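Order of the sequence lines sets the chain letters (A, B, ...), proteins ahead of strands, with each chain counted from 1. The structure displayed is predicted, hence computed values, not measured ones.
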Amino acid sequence: MSEPVSFLGGRVAEGAVTVRDAGLQGMITLRGDLAATKVKNVVKKVTGQAIPAQRKALVEGRRGALWMSPDELLLLVPYAEAEEAVATITKALRGVHHLAVNVSDARAYVTVEGAGAAEVMAKNAPVDFSAAAFGAGDFRRSRVGQVAAAFWKDEAGAFHVVSFRSVGDYVFDLLRVSAEAGPVGALS
Amino acid sequence: MSTRLASGGRLLNRGRALEFQFNGKRLMGYEGDTLASALLANDQMMVGRSFKYHRPRGVVASGAEEPNALVNLGKGGKFEPNQRTTTTELFDGLYATSQNHWPTLEFDIGAINALFARFLPAGFYYKTFMTPRPFWKHIYEPFIRQSAGLGKAPKDRDADTYEHFYFYADVVVIGGGVAGLQAALEAGKAGARVLVMEQTADWGGRAVVDGVEIAGKPADDWVKGVVQALEKMENVTLRTRCMGAGVYDHGYILGYERLTDHDPVLQGPRHRLWRIRAKQTITATGAIERPLSFAGNDLPGVLLAGAVRDYLVNWGVSVGDRTVVVTNNDDAYRTAIALVDAGLSVPAIIDARPEGAGALGAVAKAKGIRVEEGKAIAKVKGKTRVTGVALCLQAGEGAVIDEIACDCVAMSGGWSPVVHLWSHCGGKLKWDDAQAMFRPDPARAPTGADGEGFVLTAGTSSGELGTTAALADATAAGRAAAKAAGLKPKTGKAPVANDVDETPMAAVWLMPQGAGAELKMKAWLDYQNDVKVSDVQLAAREGFESVEHTKRYTTLGMATDQGKLSNINGLAILSQSLNQAIPQTGTTTFRPPYTPISMGAIGGSARDELFQPIRKTPMHGWHVENGADFEPVGHWRRPYSFPRKGEGLHDAVNREIVNTRTNVGLLDASTLGKLIVKGPDAGRFLDMLYTNMMSNLAIGKCRYGLMCTENGFLTDDGVVARIDEDTWLCHTTTGGADRIHAWMEDWLQCEWWDWKVYVANVTEQYAQVAVVGPKARQLLEKLGGMDVSKETLPFMQWADGTLGGFPVRVYRISFSGELSYEIAVAASHGRAFWDRLLKDGEEFGIMPYGTEGLHVMRAEKGFIMIGDETDGTVIPQDLGLGWAISKKKDDYLGKRAQERSHMADPERWKLVGLETLDGSVIPDGAYAVGEGHNANGQRLTQGRVTSTYYSPTLKRGIAMGLVHRGPERMGEIIEFPKVDGTSVKARIADQVFYDKAGEKQDV
Amino acid sequence: MLTLQCPYCGVDAEETELTAGGEAHLKRETVGASDDDFEGYLFMRENPKGLHFERWRHSYGCGKWFLAARDTNTLEVFGTYPAQSKEPPKDLRDKISAKRPGWSWREFK
Amino acid sequence: MRYSGFKVFTEGLTGNKGWKPVWRDPEPKSEYDIVLIGGGGHGLSTAYYLAKNHGLKNIAVLEKGYIGSGNIGRNTTIVRANYFLPGNSEFYSHSLKLWENLEAELNYNVMHSQRGLINLFHSDGQRDAFARRGNAMINQGDDAILLDREGVRQHLPYLDFDNIRFPVYGALFHPRGGTARHDAVAWGYARGADMRGVDLIQNCEVTGIDIEGGQVRGVRTSRGVIRAKKVAMVAAGRSGQVAAMAGMRLPIESHILQAFVTEGLKPVIHHVVSFGMGHFYISQSDKGGLVFGGDLDFYSSYAQRGNLPMKEHVMEAAMTLMPMIGKARVLRSWGGVMDMSPDGSPIIDKTHIDGLFVNCGWNYGGFKAVPASGWAYAHLIATGEPHETAKRYRLDRFRTGRGIMDEEGTGSQHNLH
């Protein structure tokens, strides 16, 4: 058994806005009735979080729950725990119609940090990133350039961007180029 | 001559002189100049040549409406043609050359066209150049093409970068004149999120040039005050050098920001395209002055009156020592007065109106200016620049009363509101007879997603030419926009300006009124395209009565300025010719962008590797390091083959195949789609999706399945594995992963939403490696960790376990006909697993193979390939796949379509194998010809090749193809013509060329 | 460029986040259907210049399909609603009636 | 009046006073033998060939706007015959032959320019598909040359051949492909039809089709009732609405196809070039503008205007393929309403109503089809029998599955061609 490596292998682009490979992150796609108590309980159990409200992200370090759609969450756990977490969920939801699958390896995960991070995002996604419209804990699935991506903003104002693994380089470079192009001065 | 005055120029920084080049001449200007003002300051009156007649052309305007003064700018990767000098800010080292002439600007052979003008009227080319036919292609057209265009096309790679920016606002204000600023102020005070875009580098627009006083202070001060107030508001964003380029559906606004054009040493993107979503948009885009149509109105030295005033006030440039002003309205008097106040000579104001002007007329006369009322210009004198004008009665036919020497003519035919942005998305116009202008009709605004209007106009762009009226209009617009955006606007009085009483303008479309043919042939409407009054009248006479017809026939308004100066004058002439009112004629359609914008800006950062994403598998790095020859498969890059040093691609493919069939080969199959389908109704669902049964597949087993569209056509195939009681894993083609996933969601969400099924696309969770060949098992046994024997893991089964310490899922499936294991491992371990296989496989002679090897081996086995054997018109029955169509099921997607009469027709082309008699390879895409010809004299065909390769295994060409009644014609020989005129004969045969019994894969 | 509100995630999504899916409320015809009915289901389209009911998918967002009532000429959007609807919801039909009195589309009025 | 260089010269001498109207502006008569609904390219060519090939005179073309105001006036002017499916191949092949004699035929210069069409491909799979197309074209007697990378380089040296995103593998060269001056085609046919006695009636909108006992009787228009023995619909872009007047539904969806043009430049692109990855093609007009065509906006729309996303894709592709082009500027963008049929091929057929005919579903391909469409439609209307070159363009082909011609292999979906 080898050491797992994230697709971006730790790439970092330092600057006024820094784009960084967030490294390996355990991710579980959970589909089911999000209102069901058993679902609530097991989500709490593996992530320590409640069911997030529509378009919200509840994240604490490497654990969290992201609202993907009315019947889908993306659960965050430490990479090494993903398989075990899936087992836990499957066990807990036996008899309840659901789907829980480990997608940790199917994703690339980067962060965009620093003043101006919002503008870097706004150069690539058709979303209102003004502080008033997109605050800490807000979550959105949209495009980054030409590919699907999901992102949320943390308390420090950094953006966390999750895309499919195979387009990790594309997303990273798009954000890097946007960061290097400098600020617009239109979003705080 | 045209010179720089010792003083004046509100935009100039005389402290910073700039050097620039025009046609090799080194010239000086100042910071704050435009290229146009700097050229005029250096007495460079002639700047270019017109499109058709190569007439001398000089600066006529001072802004975005300029049709004449276009130049080639820069060199190499910075070269840019057709740059408007009037909107090009001067910078140190600017390098410009004039366009559309040979050999020189001053002496241009093309000018000979002007002599033949009478033989080149509008649309003449539709009536000639027809015979003899070959002449068109070889003589006429090349000649016409050579004379095409103005600027040279860029040759070098664009050295600049571009970017996009998404922005969301309550109110977007387009235009930073006093009206735009006032509207923004009102919206801003109401708390709206406001974006103000001004296309030039400076705020204030015309008012600051005309010396208006607003709220008791000079316009300049008032503007500074308002801009400061706006800068203080956190909810307001201000941008200069940012043009409102287009208004699109649902409040989508395009902003074109030019970041480095004014100073190329600046770093960063050259242009930024603002993609704005606004609840309300206010266009405060001002108005454009109209030329007057008199003979010789195209000579260098004839400018718009407002432009002459701009050059004087903004840039301290006097375009002429002696300027004759000709007008049909009071505003042009301001130019005369400004010139005289600057100590320059104005020999006369020629006013077409018998009653002349109001208060400004009195001022002019008081300053001793000769005012000729009810008069007109019969013609302008001069060859390459103005030397004088001939005076006549406006009411007459042009009999010359007097001649006045001058070197500049400042003309004004009245003003037209800039309604382009209002109109882009369907805003309607109404004709204002008193001011002879089309103005926006607020009752018929462009409507948005909610069906309500989302564009307002403010100030002169509404048709309010007086400053006080414009400010009142802007105040109302700002408040209305804020209100419509859901905010509460403030109340209070709008600022008031010191307007003077003006006499109404008089519509003057031709000067003099009774001008004859000779004069009309010299009266220009479209300066750049050389469309004259006589051309429009000819079009009308020939029956091109719709304004669109006239435009397309004469090319009026189709030049780079899109008719900003010419459209209204043109359609007025057309209306006169048709004896109908102007609104009856109507306008042509206003299309975005307002002025041309760079393709680079529209493309943004999506260039080269960022043009479209390249999808990479976990082993991509290894492929690159080992010299893979890649081929694009959708957005993926897959190794086609791994040629070694000095080895040809074809040889490499053959080596990989032979080795796989004799030892063991390795294929990166990670791109294959993998979809988890789970739930109590999953089996039932898959039975509908696939043509065969999947619900009865035993846990632990695999089955090959086909999917059709509702049209019955084969769309995808792959191996399905039953994971547990209510979970299946469906493999799709590489291209099919996302498509089939979406297809499943479509049916689950929109048709069978009560079925309990969830789907997840786990394609990229796994690196999938096919270990293929007689020695595959030995290799896996060497890795160890699980039993891969035939007994525990037979053909068409799967198992979980570990190999060499890697957690894996192993499928015993084969697309090559060999003993084959497809092994899925977590993507993050993919590269390590691949490396391990190669290392441990050395002793077995392992070699990776690429997609071409894959294709050849599957063809040797007669397996079909979606996209090769299918093309959107092929049903499974055509491919002999009836065995994969369940007879038990009463329904599946595509079943009903396959019952359509023609689908069961025995006459269809069906799949067979093809063996060339001489062993050669049939060319790709070859057709088999049949007997006879069709109505059009074309040879009939009876089949075509779908896959064709050289088989290193059989050492001959093999192919599959769709042939008319193919399976019934085994052994028949059909003929495939080749491009070189020869043809290949092939025998119809079984499509399985290798291991017909299928023993090798089942060991 | 259109924006449609996704009824599932509440986003006012712009066109580039969406995939258009053609005419809505089609009844699937299958084995046993007459040639007419099958042709009608798979190929014949209302294609009106004006009010239209159509399918959209928030493909770059939550991935859900939804339905929209839209004017194909003015591009006005009267409303969106879940794909799991046999017919346009009453409040939407009332809203349309207020703006387009006497409208009708296939079997709906 | 016959046009010629000599005529232009003599008119020049006499101040161009002698030019007569290109067509009459007649009042509609109360009855015609044949009424064509739609004064676009196809309607005008149909009228022309009805008069010319079949000697029919009593014909009216009803146009709600001005002649040529539909897609003939807003397309990207490409003329080609590079189809490969039986049914399409003979039709477009016939059309190209008609194009090649159109100036002489009409005594009007439509500036048909056979500068060559080059379809680039960027993968092995695409090469195979284009090879198939090329072979089919050669069998049809049309011209096709499969170019390798170097072959492409000789024709299009300005391309970025080593673009890391989509390397150029080669191209299918169709030397007889090219462009024509779109408005001139409408005007030329209009003039020809008018000279042969056809009434071209502009600003005349059809508001209803009168049918009695399964037989068409005429049309109601904004300029009164017009009776007719035969009524032929040929109003691409509005086909659905016109058919609805006869109580018909069609297998058609209307979508917007956009085009853009840059400022005029000196000649730089000497062919029509189409890019294999994504729907995008380019040519340079005789005025110097670079003319681009893109893909559809994938939702139904009748708003004849451009939109941004597609323009963006096209410009990205252009910048990547032709790196020098970034500083050319887009002058104007517009949109046309396309009749999209399930298989991307047109319909020229009778209807279940006697005397009522339909011509629609031209998808992106209408302009190059103008001559053959008019020729075949005229034949059908005059003789009641489908013309040999168009006999597969049946209205019922989706119902039977017979003769579905899906050139792009998208499997019969309206908005995917």
Checklist entry - Using 4.0 Å as the upper bound for N to carboxylate O, is an ion pair formed by D/Glu11 and B/Lys127? => result no

Checklist entry - Does D/Arg127 pair with B/Glu631 as a salt bridge, N-O distance under 4.0 Å? => result no

Proximity breakdown for [X] and chain B, heavy-atom pairs closer than 4.5 Å:
X        : value
D/Lys97  : side chain
D/Asp25  : side chain
D/Ile325 : both
D/Phe91  : neither
D/His112 : both
D/Asn107 : both
D/Ile67  : both
D/Arg115 : side chain
D/Asp183 : side chain
D/Ala104 : neither
D/Leu13  : both
D/Lys311 : both
D/Thr262 : side chain

Next on the checklist: Can you tell me which portion of B/Tyr248 sits under 4.5 Å from chain D's heavy atoms? Options are side chain, backbone, both or neither.
Outcome noted: side chain

Checklist entry - Considering only heavy atoms, which portion of B/Arg944 lies under 4.5 Å from any heavy atom of chain D: side chain, backbone, both, or neither? => result side chain

Atom pair [atom1] ([X]) and [atom2] ([Y]), whose distance is rounded to the nearest 0.5 Å:
X        : Y        : atom1 : atom2 : result
B/Thr589 : D/Arg332 : OG1   : CZ    : 6.5 Å
B/Phe119 : D/Phe9   : CZ    : CZ    : 4.5 Å
B/Met558 : D/Leu331 : CE    : CG    : 9.0 Å

Checklist entry - Does NZ in B/Lys155 sit with more than 12 non-hydrogen atoms of other residues, nucleotides or ligands closer than 6.0 Å? => result no

Item to check | Steps toward side-chain contact (heavy atoms from CB on, under 4.5 Å) verdict (D/Arg305, B/Asp249) | outcome: CA-CA 9 Å; D/Arg305 50 181 175 248; B/Asp249 296 301; 2.6 Å; yes

Next on the checklist: Do D/Arg181 and B/Tyr125 pair up side chain to side chain, a donor and an acceptor below 3.5 Å, judged on atom types alone?
Outcome noted: no

Checklist outcome for this item: Closest non-hydrogen atoms of D/Ala318 and B/Met599, given as atom of the first, atom of the second and distance, are CB-CE, 3.7 Å

Next on the checklist: Minimum heavy-atom separation for B/Leu150 and D/Lys266, please, with both atom names.
Outcome noted: O-CE, 3.4 Å

Item to check | Plane angle bin for B/Phe544 and D/Trp187 - parallel if under 30°, tilted between 30 and 60°, otherwise perpendicular | outcome: perpendicular

Checklist entry - Would D/Arg397 and B/His902 satisfy side-chain contact (heavy atoms from CB on, under 4.5 Å), going step by step from the backbone distance to the final call? => result CA-CA 9 Å; D/Arg397 65 178 182 269; B/His902 182 61; over 6 Å; no

Next on the checklist: Just so I understand: if I count every heavy-atom pair under 4.5 Å between each of B/Ala117, B/Ala153, B/Gly426, B/Gly543 and chain D, which residue has the most?
Outcome noted: B/Ala153

Checklist entry - Where the side chain of D/Asn135 meets the backbone of B/Asp924, is there a donor-acceptor pair that is under 3.5 Å apart? => result yes

